[in-house]
Amino acid sequence: MSPTNPTHAQKKAAELLRSANVTRVPVPVEELAQRIGATIHLEPFTGELYGMVHRNQDGTAVIGVNSLDAPTRRRFTIAHEIGHLVLHADEALHIDERSPIGLRNEKSSWGNDPREIQANQFAAALLMPLEQLLRDVAMVKGNDIEQAVDFLARKYEVSPQAMSFRLGSLNILR
């Protein structure tokens, strides 16, 4: 996947950012959820639950997020669930868990479920917008990639793992 050939999910994330006039990072993911009619509820989920989204018949939605997760994980979960709302209009309920139980299956737990891949691509593009990321990478000095990833992760309020994966998927900062 190259920056010049964005996926459908990445295009939809860019459209949402544009329509909300978001031009700075960290992206206000909670405000974007409200903008599309979603209310966020933080709850201390037990077990392996990251988050969930329930679409109401009136078009509004509730995004449930595990309050026990790290703030960067919660931001990614919110962005991921927004992705399900934007990309998968046929889903009334979606539950994201760490293990293949409940409504997820073995295929989704390995990252092969197309809807999960799309929601992750959407979340990454929403939280780490391409144009801003390219500008920030160009300003990072030095050869220490780990230090650059940590700096960018803090700036975007995402985990270093999410930032590293995003940069790798875009083939930048190697």
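The first residue in the sequence is number 1, and the count goes up from there.
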*asked:* side-chain contact (heavy atoms from CB on, under 4.5 Å) for Lys11 and Thr7? Distances and angles first, verdict last.
replied: CA-CA 6 Å; Lys11 289 177 187 174; Thr7 66; over 6 Å; no
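- Atom NE2 of His8 sits about 7.0 Å away from atom CD of Gln118, to the nearest 0.5 Å.
- When the ring-ring contact (aromatic ring centres under 6.0 Å, His included) test is applied to His88, the partners found at least two apart in sequence or on another chain are His84.
- Between the CD atom of Glu131 and the CG atom of Leu17 there is a distance of 10.0 Å, given to the nearest 0.5 Å.
- Pairing each heavy atom of Met128 with each of Tyr156, the nearest pair is CA-CD2, 3.8 Å.
- Inter-residue side-chain proximity for Leu133 and Leu167 is flagged as met; some heavy-atom pair is nearer than 4.5 Å.
- With contacts defined as side-chain heavy-atom distances shorter than 4.5 Å, the pair Leu87/Lys12 qualifies.
- When the side chains of ILVMFWY residues are joined at heavy-atom separations under 4.5 Å, either directly or via intervening members, Val62 and Ile82 end up in two distinct hydrophobic clusters.
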*Could you walk me through whether Ser164 and Gln161 pass the side-chain hydrogen bond (donor to acceptor under 3.5 Å, both in side chains) check?*
CA-CA 5 Å; Ser164 182; Gln161 295 83 1; over 6 Å; no
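- Of all non-hydrogen atoms in Phe45 and Leu68, the two that sit nearest each other are O-CD1, 3.7 Å.
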*Show the numbers, then the answer: is there a side-chain contact (heavy atoms from CB on, under 4.5 Å) between Thr39 and Gln34?*
CA-CA 6 Å; Thr39 304; Gln34 287 179 326; over 6 Å; no
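- Between Ser159 and Thr72 the shortest heavy-atom distance is N-CB, 3.6 Å.
- Side-chain atoms of Arg35 and Ser19, non-hydrogen and from C-beta on, do get closer than 4.5 Å to each other.
- Nearest heavy atoms, Phe76 versus Ala123: CZ-CB, 3.6 Å.
- Across all non-hydrogen atoms, the minimal contact from Pro129 to Arg166 is C-NH2, 4.3 Å.
- Arg18 has no carboxylate O lying under 4.0 Å from a charged side-chain N of Glu15, or vice versa, which leaves the two without a salt bridge.
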*asked:* Assess the residue pair Tyr50 and Arg73 against the criterion (side-chain contact (heavy atoms from CB on, under 4.5 Å)); give the C-alpha distance rounded to whole Å, side-chain angles, the decisive distance to 0.1 Å, and a yes or no.
replied: CA-CA 8 Å; Tyr50 278 128; Arg73 175 73 243 180; 3.6 Å; yes
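- The hydrophobic clustering, which links ILVMFWY residues whose side-chain heavy atoms are closer than 4.5 Å, places Val29 and Phe165 apart.
- Between the CD atom in Glu81 and the OG1 atom in Thr77 there is a gap of 6.5 Å [rounded to 0.5 Å].
- Atom CD of Gln10 and atom CD of Gln121 lie 5.5 Å apart (nearest 0.5 Å).
- No hydrogens or angles considered: nothing links the side chains of Glu116 and Asn120 as a donor-acceptor pair under 3.5 Å.
- Of the possible polar contacts, none joining the Asn56 side chain to the Gly59 backbone as a donor-acceptor pair under 3.5 Å is found.
- From Ile63, atom CD1 reaches atom CD1 of Ile36 across 6.0 Å, with rounding to the nearest 0.5 Å.
- Hydrophobic clustering of Ile, Leu, Val, Met, Phe, Trp and Tyr side chains at less than 4.5 Å, counting indirect connections, unites Val137 with Val149.
- For the pair Asn66 and Glu43, the minimum side-chain heavy-atom distance is 4.5 Å or more.
- Nearest heavy-atom pair across Ser67 and Arg74 is O-NH1, 3.3 Å.
- Side-chain contact between Phe122 and Leu16 is present, with heavy atoms from C-beta onward closer than 4.5 Å.
- Rounding to the nearest 0.5 Å places CG of Leu32 at 9.5 Å from CD1 of Ile40.
- Look at Asp90 and Arg115 and you find a salt bridge, because one of the NZ, NE, NH1 or NH2 atoms lies within 4.0 Å of a carboxylate O, short of that distance.
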